[in-house]
Amino acid sequence: RDARELTQEAAKNGVQLAKTNVPLHAKFVVWDDDDALVTSLNWASADSDPDDPFGELGVHMHAPGIGAELLRRIGELLPDVALP
């Protein structure tokens, strides 16, 4: 139920959440063709520990086509996941 509600709330804000049955540890956000963020942080269910600021790390990538390429590759690896 929580996942469904979060997916609906995200969609109202123009964000598409995709679910897969393949276990992935990394989470990613692509907001345009040239930007992507890859992280291990579970944004919806956890907060980072202020006593361990490097316990969850992420990488913002900004380069021509990096966001589009990440989506393309994820689509190849996980064809059952609906990606834009």
Side-chain angles (χ1 to χ4, degrees):
R1 188 182 111 226
D2 291 339
R4 183 175 58 248
E5 289 174 3
L6 184 59
T7 300
Q8 291 169 347
E9 181 181 342
K12 289 177 187 174
N13 291 293
V15 174
Q16 177 185 352
L17 300 180
K19 182 183 178 203
T20 179
N21 293 325
V22 177
L24 294 175
H25 183 70
K27 291 77 176 172
F28 68 92
V29 175
V30 173
W31 57 91
D32 62 26
D33 285 350
D34 301 331
D35 289 281
L37 174 67
V38 179
T39 181
S40 62
L41 180 65
N42 295 316
W43 298 319
S45 63
D47 292 325
S48 59
D49 183 348
D51 294 329
D52 185 15
F54 297 110
E56 298 284 354
L57 294 176
V59 176
H60 171 224
M61 297 174 285
H62 175 76
I66 193 82
E69 181 65 12
L70 177 60
L71 287 178
R72 185 188 70 74
R73 289 185 184 205
I74 293 292
E76 287 179 354
L77 293 170
L78 305 170
D80 62 321
V81 176
L83 296 174

Name of the residue among L71, V59, L37, T39 meeting side-chain contact (heavy atoms from CB on, under 4.5 Å) with F28:
L71
For the residue pair A36 and G67, what are the closest heavy atoms and their distance?
CB-CA, 4.3 Å
In chain order, what residues pass the side chain to side chain donor-acceptor pair (under 3.5 Å) check against D35, with sequence neighbours excluded?
H60, H62
Ignoring hydrogens and geometry, is there a side-chain-to-backbone donor-acceptor pair from N13 to V15 under 3.5 Å?
no
Applying side chain to side chain donor-acceptor pair (under 3.5 Å) to E5 and not counting sequence neighbours gives R1
Are any side-chain N or O atoms of D34 and backbone N or O atoms of G65, one a donor and one an acceptor, separated by less than 3.5 Å?
yes
Salt bridge (charged side-chain N to carboxylate O under 4.0 Å, His left out) partners of E69, counting only residues at least two apart
R72, R73
